[in-house]
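Below: one structure, written as structure tokens.
Chain A is the first sequence line, chain B the second, and so forth, proteins listed ahead of strands; every chain is numbered from 1.
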Amino acid sequence: MESGLISVDRWRNGSQAYFLTHMHSDHTRGLSGDWSQAPLYCSRTTASLFPSRFPGFDLSLLRVVPLSSWTSLSLRSPSSGSTVRLHFMAIDAHHCPGSVMFLFRGDFGCFLYTGDFRWDADAADEARNTLVDAINESPVDILYLDNTYCNPIYSFPSRQVAANLVADIIAAHPSHDIIIAVDSLGKEDLLVHVSRILNIKIWVWPERLRTMHLLGFQDIFTTDTSLTRVRAVPRYSFSIRTLEGLNTMCPTIGIMPSGLPWVKRPFKGDDKLSGSFLTASMKNETISAQKELQAAAVHKFHDYMYSVHYSDHSCYEEIAEFIKLVRPKSMKGIVVSSSSYVDPLYYFGRICGANQPPQVLLMRPDTAEEFRAVRIKSYSGSDKTRALAKGKKRKRDSHSSLKRNKKRARIQVKCAKIVEVD
DNA sequence: GCGATCAGCT
DNA sequence: CACAGCTGATCGC
């Protein structure tokens, strides 16, 4: 698509329509209360969060997009001045409340931008039907994919299973206080599940309670600590040190619903597209394999601390299922900043058909390697500066500009390398 | 001075 | 080892 038409989760000047997939801060960086560029399209739930997240935001700029139905929009081509007709649809992404994928259609072709998404077998039924119908009408030319866990080493259970594991841990500690780490948006379903299973309210901090009410949870959550032994606390206030402090007052365990460890499955080189582990869904695996996966999803890494792999991103098998369903002609990963970036074409390029030259399949991982190598190299080059900065309290003096210039240079080196290998 | 951005931490 | 998001320092207007 021509540039200067639309932006998705990007907020620089110059587009005629802006799309927001969900209200996480890494997708809203650049948005603020005084933003006034152009209409902003998002789901109803995301729209409802704007007044509290961006005080002063001009709400008349918001356009609520219904789920699973087409909307049309006329834009103006910056180059030719002619009218560009754009059709788009929001599809539930099951990442966090209000999260959607956007499917775009026009003379330019058909694009699917997933944003962050979790393709849980049970969660995504309606989204799957919507997607299948839309793709049958016209195939996807380019899939922009949440490739966070696009690597066979990333295997973990559905959120339903993970939520039961959390409930099991709590039930096994009947006289303990429980704290569960959460962020400002997401993992509500986990808390609701725990609440239902244990028939207990969940404490949240005041701002989080306001968010819960906006999301339509009216009775389950409370800010009164006397009503419950289970508290959801901000993840940044959650640490072993905190837990040790709490345990001097009252026996307390902490549950971190994400994080280590991974179930690492050995990579089989000849297994890329037709191998059993790729096509196996949870329900087809043996009971013992499921047990193994679940056991690995819980990790007690301290007397008071458990981690459970409860993820709002799709695991590798789910990404595979998704790509096989969409069958895009081509695709690109959205997550490129990660040091373990893997281009989805590396594992799934062949699903996209014959129009992917083999060197493309191999180039991207090399690029990532190059990227990593350059980073490491340039960091080691500034070790002295960093040691100095650590030893002393950083101050605004002549060293600052020196460090800054070094930082700049480092970025330029990276860019030069990327340009070179791209 | 203030918002934006970065580094560090978890 | 990922991500998300905080804090505090620094940048730049």
Side-chain angles (χ1 to χ4, degrees), chain A residues 9 11-13 21-35 53-56 95-97 99 115-118 146-156 179 181-187 205 207-208 211 232-243 254-265 267 296-297 299 301-302 305 307-316 319 333-342 368 372 375-376 378-379 382 385-408 410-411 414:
Chain A
D9 292 349
W11 312 103
R12 294 190 202 125
N13 296 354
T21 58
H22 65 288
M23 192 62 93
H24 274 158
S25 59
D26 55 330
H27 293 254
T28 58
R29 196 159 297 135
L31 259 185
S32 67
D34 52 15
W35 196 81
R53 298 303 165 105
F54 302 110
H95 170 69
C96 69
S99 67
D116 292 347
F117 80 108
R118 178 89 204 243
D146 172 12
N147 56 314
T148 303
Y149 296 128
C150 188
N151 188 314
I153 65 171
Y154 298 129
S155 182
F156 40 79
I179 62 174
V182 297
D183 290 313
S184 58
L185 181 67
K187 310 220 176 11
W205 65 99
E207 179 59 32
R208 195 63 156 93
T211 301
V233 304
R235 200 160 53 99
Y236 62 84
S237 74
F238 184 99
S239 66
I240 286 175
R241 183 179 286 254
T242 312
L243 271 167
I255 298 173
M256 179 76 85
S258 85
L260 306 177
W262 306 105
V263 176
K264 299 203 172 175
R265 302 177 121 149
F267 176 73
H299 186 219
F301 59 89
H302 185 274
M305 180 87 93
S307 77
V308 176
H309 199 117
Y310 186 100
S311 171
D312 285 324
H313 294 271
S314 299
C315 67
Y316 181 77
I319 293 173
I334 294 170
V335 183
V336 294
S337 59
S338 159
S339 60
S340 63
Y341 173 80
V342 175
R372 200 150 48 229
R375 276 181 68 110
I376 290 161
S378 45
Y379 271 118
S382 58
T385 319
R386 290 168 75 221
L388 198 74
K390 240 186 175 167
K392 294 182 177 184
K393 280 275 175 201
R394 263 172 302 197
K395 276 194 173 177
R396 216 180 154 158
D397 55 16
S398 57
H399 284 294
S400 299
S401 63
L402 182 68
K403 275 187 296 195
R404 212 170 105 222
N405 289 338
K406 285 200 176 187
K407 225 173 278 173
R408 287 263 156 78
R410 194 165 79 214
I411 290 159
K414 279 199 291 196

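The shortest distance between the side-chain N/O atoms of A/S25 and the OP1/OP2 oxygens of C/dG5 is below 4.0 Å. Distances shown here put a side-chain N or O of A/H313 below 4.0 Å from the OP1 or OP2 atom of C/dA4. Dashed line: the shortest gap from a side-chain N or O of A/T148 to OP1 or OP2 of C/dC3 is under 4.0 Å.
In this structure, A/D312 reaches neither bases nor backbone, as no heavy-atom distance under 4.0 Å exists between it and the strands shown. Among the atoms of the strands shown, none is found under 4.0 Å from any heavy atom of A/S311. Counting non-hydrogen atoms under 4.0 angstrom, A/R235 reaches a base of the nucleic acid.
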Tabulated below should be each protein N or O lying under 3.5 Å from an N or O of nucleotides 2-4 of chain B; please produce it.
none

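Distance, A/D26 CG to B/dT10 P: 20 Å, rounded to whole Å. Look at CG on A/D183: it is 17 Å from P on C/dA2, rounded to the nearest Å. Atom-to-atom, CG of A/N151 to P of C/dA2 comes out at 11 Å; the value is rounded to the nearest Å. Distance A/M256 CE to C/dG5 P: 14 Å, rounded to the nearest Å. Across the protein-nucleic acid pair, A/D9 atom CG and C/dC3 atom C1' stand 15 Å apart, rounded to whole Å. With rounding to whole Å, A/M23 atom CE is found 11 Å from C/dG5 atom P. Rounded to whole Å, the distance from CG on A/D116 to C1' on C/dA2 is 12 Å. Atom-to-atom, CD1 of A/I153 to P of C/dC1 comes out at 12 Å; the value is rounded to the nearest Å.
With contacts defined as side-chain heavy-atom distances shorter than 4.5 Å, the pair A/W205/A/T211 does not qualify. Annotation: side chain of A/H24 is not in contact with side chain of A/D183 (no heavy-atom distance under 4.5 Å). When side chains are defined from C-beta on, A/H95 does not count as touching A/T21, because their heavy atoms never get closer than 4.5 Å. In this structure, the side chains of A/D312 and A/D116 stay at 4.5 Å or more apart for every pair of heavy atoms. Considering only heavy atoms from C-beta on, A/S314 comes within 4.5 Å of A/F117 through its side chain. Residues A/F54 and A/M23 are in side-chain contact: their nearest non-hydrogen atoms beyond the backbone lie under 4.5 Å apart.
Here the side chain of A/N147 pairs a donor or acceptor atom with the backbone of A/I334 at under 3.5 angstrom.
Candidate nucleotides C/dA2, C/dC6, C/dA4 were compared by shortest atom distance to the side chain of A/H24, and C/dA4 ranks first.
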